[in-house]
*Asks:* 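Just dropping this structure here.
One-based numbering, in listed order, for ligands and for the atoms of each.
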Amino acid sequence: MKPTVVVYNSLYPEALDYINQSCHVDYFPGYKEKMPDFLKALKTADGIIGSGLRVDEELLEQAPNLKIVSNKSVGYDNLDIPLLKERGIQASNTPGVLDDTVADTIMALILSAARRVPELDQFVKSGEWSAQGFRDHQFGVDVHHKTLGIIGMGGIGSTLAKRARFGFDMNILYHNRSRNEQAEHTYDAVYCTMEELLRQSDFVCVMTPLTPQTKGMIGDAEFAGMKETAIFINASRGAVVDEQALIRALQAGQILGAGLDVFEQEPVSADNPLLALPNVVTLPHIGSATEETRKKMAMLAAENVVAGVTGQPLKTSIY
Ligand SMILES: NC(=O)c1ccc[n+]([C@@H]2O[C@H](COP(=O)([O-])OP(=O)(O)OC[C@H]3O[C@@H](n4cnc5c(N)ncnc54)[C@H](O)[C@@H]3O)[C@@H](O)[C@H]2O)c1
Ligand SMILES: O=C(O)[C@H](O)CO
């Protein structure tokens with residue numbers, strides 16, 4: 001009998017076809033709208049694939065045959081890793097294939113915030129440019145030759161460093177759990193403490209995973225330690241930052257601006273004060289969202305789930 005794979009959000013046809021070749025597929029492009037059917041399908045699932053589903057004790061109770069959880073994302077803060085390990089269930093994610101695309105998104109946030117792109121786009125489209133002309137107080141700040149501090153120098157952090165160093169002649173500082181010698185040699189990145197990085201950087205970018213250690217890692221003290229001219233970028237996970245502290249820092253002029261792809265609550269609520277601040281550039285968590293990269297992520301996640309249910313080694317196992 002073929003193993004059963006539950007696909008819990010939409011998946012590219014190529015990836016679905018690949019799973020279908022060796023597995024029975026229960027496909028839920030939107031599992032939340034079909035909750036009773038989804039829960040029923042979990043009862044016989046050997047593998048699940050998708051992104052964002054919280055896989056914890058409650059979920060595992062519904063899925064007694066589970067052998068593999070294939071996350072269609074590099075972040076895996078939705079998984080209870082100690083519990084999965086304890087139950088002998090494998091887990092995989094999609095590292096590497098999205099590094100370039102996410103680094104491009106971060107450069108877009110850096111440039112947009114520094115050169116006030118959304119604000120000035122609105123200025124032109126609303127007719128204000130022709131009505132009142134462009135004034136000095138609307139100038140932005142340079143990106144080239146400035147200092148970029150990267151907190152979390154992993155796959156995406158070092159791909160960002162490459163762009164910043166060679167494309168924009170930026171100086172790179174970084175803080176990480178361990179030294180990244182490759183980034184030091186290739187991008188002249190300088191390892192420093194968090195305090196030193198915050199004190200010296202013109203742009204501060206957080207790129208760590210969300211873990212118990214990184215939750216709320218950037219708060220009041222960290223914003224107070226940044227330059228008043230600093231631009232803060234977060235494309236990791238919203239909860240790595242104390243969002244209320246970020247709002248306070250922006251409102252008090254403690255930092256110059258921010259570029260955000262992620263939020264504590266997603267989708268962000270319309271009354272979040274961040275959305276009312278002109279010096280904040282926002283994106284709807286689209287770091288890896290290009291056709292090409294999402295297809296690669298889908299195929300890698302599909303290969304992992306098939307490997308997991310057929311007893312083959314995973315391509316990108318989390319542990
Ligand atoms: N916005 C998006 O669409 C998007 C896309 C991809 C990834 N992400 C997020 O970015 C994260 C990083 O992705 P990656 O592929 O670069 O992961 P990675 O594992 O290659 O890099 C993460 C780095 O963070 C470091 N780190 C972990 N804990 C730390 C701590 N407490 N202090 C300092 N450094 C610490 C690690 O040592 C590692 O070098 C993902 O976990 C995910 O949450 C967001
Ligand atoms: O972690 C990731 O890969 C991104 O956040 C996309 O889900």
*Asks:* Show which atoms of ligand 1 fall inside a sub-4.0 Å distance from at least one heavy-atom site of Asp261.
*Replies:*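 Checking each atom against Asp261, I get 1 (N), 2 (C), 3 (O).
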*Asks:* Would you mind finding which of Met217, Met153, His175, Met207 brings a heavy atom closest to atom 10 (O) of ligand 1?
*Replies:* Met207
*Asks:* Residue-level breakdown please: for Lys72 versus ligand 2, do any non-hydrogen atoms fall below 4.0 Å on the side chain, on the backbone, on both, or on neither?
*Replies:* neither
*Asks:* Any salt bridge linking Asp100 with Arg163? Criterion: basic side-chain nitrogen under 4.0 Å from a carboxylate oxygen.
*Replies:* yes
*Asks:* Ignoring angles and geometry beyond distance, decide whether Gly155 reaches within less than 3.5 Å of ligand 1 through its nitrogen or oxygen atoms.
*Replies:*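 Yes.
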*Asks:* For Arg116, does its backbone N or O pair with a side-chain atom of Glu119 as donor and acceptor, under 3.5 Å?
*Replies:*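 Not a single qualifying donor-acceptor pair exists.
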*Asks:* Report, in ascending order of atom number, the atoms of ligand 1 lying under 4.0 Å from any heavy atom of His285.
*Replies:*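 Listed by number with element, the hits are 1 (N), 2 (C), 3 (O).
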*Asks:* I need the single residue from Glu291, Lys295, Lys72, Arg294 that forms a side-chain hydrogen bond (donor to acceptor under 3.5 Å, both in side chains) with Tyr12. Which is it?
*Replies:*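 So, applying the side-chain hydrogen bond (donor to acceptor under 3.5 Å, both in side chains) to Tyr12 and each of Glu291, Lys295, Lys72, Arg294, only Glu291 qualifies.
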*Asks:* For Thr211 and ligand 1, answer yes if some heavy atom of the residue is under 4.0 Å from a ligand atom, otherwise no.
*Replies:* no
*Asks:* What residues form a side-chain contact (heavy atoms from CB on, under 4.5 Å) with Pro209, not counting sequence neighbours?
*Replies:* Thr211
*Asks:* Checking a contact table here: which protein heavy atom is nearest atom 9 (C) of ligand 1, and how many Å away?
*Replies:* Ser236 O, 3.5 Å
*Asks:* Yes or no: does Ala235 have any heavy atom under 4.0 Å from an atom of ligand 1?
*Replies:*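 A heavy atom of Ala235 does come that close to ligand 1.
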*Asks:* Ser288 heavy atoms, cut-off 4.0 Å: which ligand 1 atoms fall inside?
*Replies:*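 Going through ligand 1 atom by atom, the ones under 4.0 Å from Ser288 are 3 (O).
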*Asks:* Return the closest protein heavy atom for atom 21 (O) of ligand 1 as residue, atom name and distance.
*Replies:* Gly154 CA, 3.2 Å
*Asks:* Going by the rule ring-ring contact (aromatic ring centres under 6.0 Å, His included), which residues pair with Tyr18 if we only count those two or more places apart in sequence or in a different chain?
*Replies:* none
*Asks:* Under a 4.0 Å N-O cut-off, is there an ion pair linking Asp121 with Lys125?
*Replies:* yes
*Asks:* Note the single closest protein heavy atom to atom 7 (O) of ligand 2, along with its residue, its atom name and the distance in Å.
*Replies:*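 Sorting protein heavy atoms by distance from atom 7 (O) of ligand 2 puts Ser73 CB, 3.5 Å first.
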*Asks:* Starting from atom 7 (C) of ligand 1, find the nearest protein heavy-atom neighbour and note its residue, name and distance.
*Replies:* Val74 CG1, 3.2 Å
*Asks:* Any sub-3.5 Å donor-acceptor pair from Tyr27's side-chain atoms to Val7's backbone N or O?
*Replies:*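 Checking the backbone N and O of Val7 against the side chain of Tyr27, no donor-acceptor pair under 3.5 Å is found.
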*Asks:* At a non-hydrogen distance cut-off of under 4.0 Å, which region of Arg177 contacts ligand 1 (side chain, backbone, both, or neither)?
*Replies:* both
*Asks:* Check whether any protein heavy atom sits under 4.0 Å from atom 17 (O) of ligand 1.
*Replies:*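 Protein heavy atoms within 4.0 Å of atom 17 (O) of ligand 1 - there are none.
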*Asks:* Backbone or side chain, does any N or O of Ser288 fall under 3.5 Å from an N or O of ligand 2?
*Replies:* no
*Asks:* Answer yes when Arg248 and Glu243 have at least one side-chain N-carboxylate O distance shorter than 4.0 Å, and no when they do not.
*Replies:*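 Judged by the 4.0 Å cut-off on N to carboxylate O distance, Arg248 and Glu243 do not form a salt bridge.
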*Asks:* Among Pro209, Ser73, Gly157, which residue places a heavy atom closest to atom 41 (O) of ligand 1?
*Replies:* Pro209
*Asks:* Give the numbers and elements of all ligand 2 atoms closer than 4.0 Å to a heavy atom of Gly75.
*Replies:* 1 (O), 2 (C), 3 (O)
*Asks:* Would you say Asn71's side chain and Gly75's backbone share a donor-acceptor pair under 3.5 angstrom?
*Replies:* yes
*Asks:* Does Leu109 reach the side chain of Leu260, with side-chain heavy atoms less than 4.5 Å apart?
*Replies:*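 Result no, sub-4.5 Å side-chain heavy-atom pair not found.
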*Asks:* With heavy atoms under 4.0 Å as the rule, classify the contact between Leu98 and ligand 2 as side chain, backbone, both or neither.
*Replies:* side chain
*Asks:* What residue and heavy atom of the protein are closest to atom 3 (O) of ligand 2, and at what distance?
*Replies:*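 The answer is Val74 N, 2.7 Å.
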*Asks:* Heavy atom to atom 43 (O) of ligand 1, shortest distance: which of Met297, Arg237, Arg179 holds it?
*Replies:*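 Residue with the shortest heavy-atom distance to the ligand atom: Arg237.
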*Asks:* Go through it in stages, so that I can follow the logic: the residues are Asp261 and Asn234, the test is side chain to side chain donor-acceptor pair (under 3.5 Å), and I'd like the CA-CA distance, side-chain angles, deciding distance and then a yes or no.
*Replies:* CA-CA 6 Å; Asp261 186 39; Asn234 187 10; over 6 Å; no
*Asks:* Of the listed options (Thr105, Val262, Ile156), which comes nearest to atom 13 (O) of ligand 1 when hydrogens are ignored and any heavy atom counts?
*Replies:* Ile156
*Asks:* Ignoring hydrogens and geometry, is there a side-chain-to-backbone donor-acceptor pair from Asp46 to Val309 under 3.5 Å?
*Replies:*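 Not a single qualifying donor-acceptor pair exists.
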*Asks:* Phe38 vs Tyr31 aromatic rings, parallel, tilted or perpendicular, using cut-offs 30° and 60°?
*Replies:*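 Taking Tyr31 first and then Phe38, their aromatic rings sit tilted (interplane angle of 30° to 60°).
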*Asks:* Considering heavy atoms of the protein only, find what lies nearest to atom 31 (N) of ligand 1 and give residue, atom and distance to 0.1 Å.
*Replies:*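 That would be Thr214 CG2, 3.4 Å.
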*Asks:* Is a side-chain donor or acceptor of Arg179 paired with a backbone partner of Asn176 at a separation under 3.5 angstrom?
*Replies:* no
*Asks:* Tell me the protein heavy atom at minimum distance from atom 5 (C) of ligand 1, and give that distance in Å.
*Replies:*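 Looking only at protein heavy atoms, the one closest to atom 5 (C) of ligand 1 is Val102 CG2, 3.6 Å.
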*Asks:* Which option, Val206, Thr208, Asn176, owns the non-hydrogen atom nearest atom 25 (C) of ligand 1?
*Replies:*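 The nearest heavy atom belongs to Asn176.
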*Asks:* Tell me if a side-chain donor or acceptor on Ser70 pairs with a main-chain N or O of Ala301 at a distance below 3.5 Å.
*Replies:* yes
*Asks:* Considering only the protein, which heavy-atom contact is closest to atom 4 (C) of ligand 2, and what is its distance?
*Replies:*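 Protein heavy atom at minimum distance: His285 NE2, 3.7 Å.
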